Amino acid sequence: MMSMEFFWLLALLGGGWYWYTAMRAKELARRIGRERCDEAGLVFLDDSVVLTHLRLRRDALGRLALQRRYAFEFTRRGDVRYGGDITLLGEHVIRVEMEPYPDHPDHGPTDRS
């Protein structure tokens, strides 16, 4: 039978492992959001991302990994906030989505005169 001290040690190590991987994943999502906004000439707002979903998924090799989805906000001209999502599987970015914004190709041509 497992002693109580061993149980608490495992719980502490498990919690520390989760916290460490969560901080690494959040920093990766923040960096990716900032880079995508910079590439598009947008402003990454509040320099932050927020965890919105967390679940276990299998990766391409069939191994279990944590899938995390982070939300962030950005602006084009500073007057309206738009949303975006970054999905990570383990330490790999699997999707980045951003709402359409003015001057975005999905809005068609704009008059720049």
Side-chain angles (χ1 to χ4, degrees):
M1 187 179 271
M2 190 171 20
S3 71
M4 206 55 163
E5 292 83 15
F6 185 68
F7 170 78
W8 286 113
L9 178 62
L10 284 179
L12 183 64
L13 289 173
W17 171 81
Y18 174 78
W19 179 83
Y20 176 74
T21 60
M23 292 298 103
R24 283 180 49 122
K26 186 172 184 173
E27 184 54 39
L28 174 60
R30 185 179 336 189
R31 183 173 51 84
I32 294 300
R34 192 178 313 119
E35 287 173 1
R36 291 290 171 99
C37 287
D38 288 346
E39 291 168 2
L42 303 169
V43 178
F44 182 69
L45 293 174
D46 305 325
D47 194 37
S48 67
V49 294
V50 176
L51 181 67
T52 59
H53 291 89
L54 176 68
R55 66 180 176 174
L56 283 172
R57 296 292 302 252
R58 294 203 180 269
D59 63 13
L61 299 175
R63 297 177 300 202
L64 281 177
L66 286 175
Q67 178 178 313
R68 295 175 169 99
R69 188 179 332 163
Y70 294 91
F72 66 96
E73 292 184 321
F74 63 94
T75 186
R76 176 77 175 171
R77 297 184 190 100
D79 54 347
V80 179
R81 288 178 174 251
Y82 298 95
D85 287 308
I86 300 167
T87 304
L88 305 176
L89 184 58
E91 295 184 3
H92 303 284
V93 178
I94 58 173
R95 185 176 65 220
V96 178
E97 294 181 345
M98 298 170 73
E99 281 185 63
Y101 50 87
D103 297 331
H104 188 274
D106 290 346
H107 285 250
T110 58
D111 182 20
R112 297 183 184 232
S113 42

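Small disclaimer: the values here were computed from a predicted structure and weren't measured.
- Atom CD of Glu99 is separated from atom CD of Glu73 by 8.5 Å, given to the nearest 0.5 angstrom.
- Closest heavy-atom contact between Ala40 and Tyr101: CB-OH, 3.7 Å.
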Legend entry - Audit row: Leu42, Met98, side chain to side chain contact (heavy atoms under 4.5 Å, CB included) steps and yes/no: CA-CA 11 Å; Leu42 303 169; Met98 298 170 73; 3.5 Å; yes
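- When the side chains of ILVMFWY residues are joined at heavy-atom separations under 4.5 Å, either directly or via intervening members, Val50 and Leu54 end up in two distinct hydrophobic clusters.
- Here Arg58 contributes atom CZ and Leu56 contributes atom CG; the two are 9.0 Å apart, rounded to the nearest 0.5 Å.
- Taken together through direct or relayed side-chain contacts under 4.5 Å among Ile, Leu, Val, Met, Phe, Trp and Tyr, Val43 and Val49 form parts of separate hydrophobic clusters.
- Remark: side-chain polar atoms of Asp46 are not paired, donor with acceptor, to backbone N or O of Ser48 under 3.5 angstrom.
- Here CD of Gln67 is found 4.5 Å from CD1 of Ile94. Values are rounded to the nearest 0.5 Å.
- To the nearest 0.5 angstrom, Leu51 atom CG is 5.0 Å from Tyr70 atom OH.
- Rounded to the nearest 0.5 Å, atoms CG (Leu64) and CG (Leu89) are 10.0 Å apart.
- Contact of the Trp8 side chain with the Leu12 side chain is not registered, since no non-hydrogen atoms from C-beta on lie closer than 4.5 Å.
- Residues Leu28 and Arg68 fail the side-chain proximity criterion, which asks for heavy atoms closer than 4.5 Å.
- For Arg76 against Gly41, the heavy-atom pair with the smallest separation is NH1-O, 4.0 Å.
- When all heavy atoms are compared, the tightest approach of Val96 to Val93 is CG2-CG1, 3.8 Å.
- A salt bridge between Asp85 and Arg95 is absent, with no side-chain N of the basic residue lying under 4.0 Å from a carboxylate O of the acidic one.
- Between Arg24 and Glu27, no side-chain nitrogen of the basic residue sits less than 4.0 Å from a carboxylate oxygen of the acidic one, so the salt-bridge criterion is not met.
- Contact record, Leu88 with Ala25: CD1-O, 3.4 Å, taken as the closest heavy-atom pair.
- Using the six-membered ring where Trp is involved, Phe44 and Phe72 have ring planes that are tilted, between 30° and 60° apart.
- Nearest heavy atoms, Ala65 versus Gly90: CB-N, 4.1 Å.
- By the criterion of side-chain heavy atoms lying less than 4.5 angstrom apart, applied directly or through intervening Ile, Leu, Val, Met, Phe, Trp or Tyr residues, Ile32 is grouped together with Phe74 in one hydrophobic cluster.
- Residues Tyr18 and Leu66 meet the side-chain proximity criterion, which asks for heavy atoms closer than 4.5 Å.
- To the nearest 0.5 Å, atoms OG1 (Thr21) and CD (Glu91) are separated by 8.0 Å.
- Between Ala71 and Thr52, the shortest heavy-atom distance links the atoms CB-CG2, 3.7 Å.
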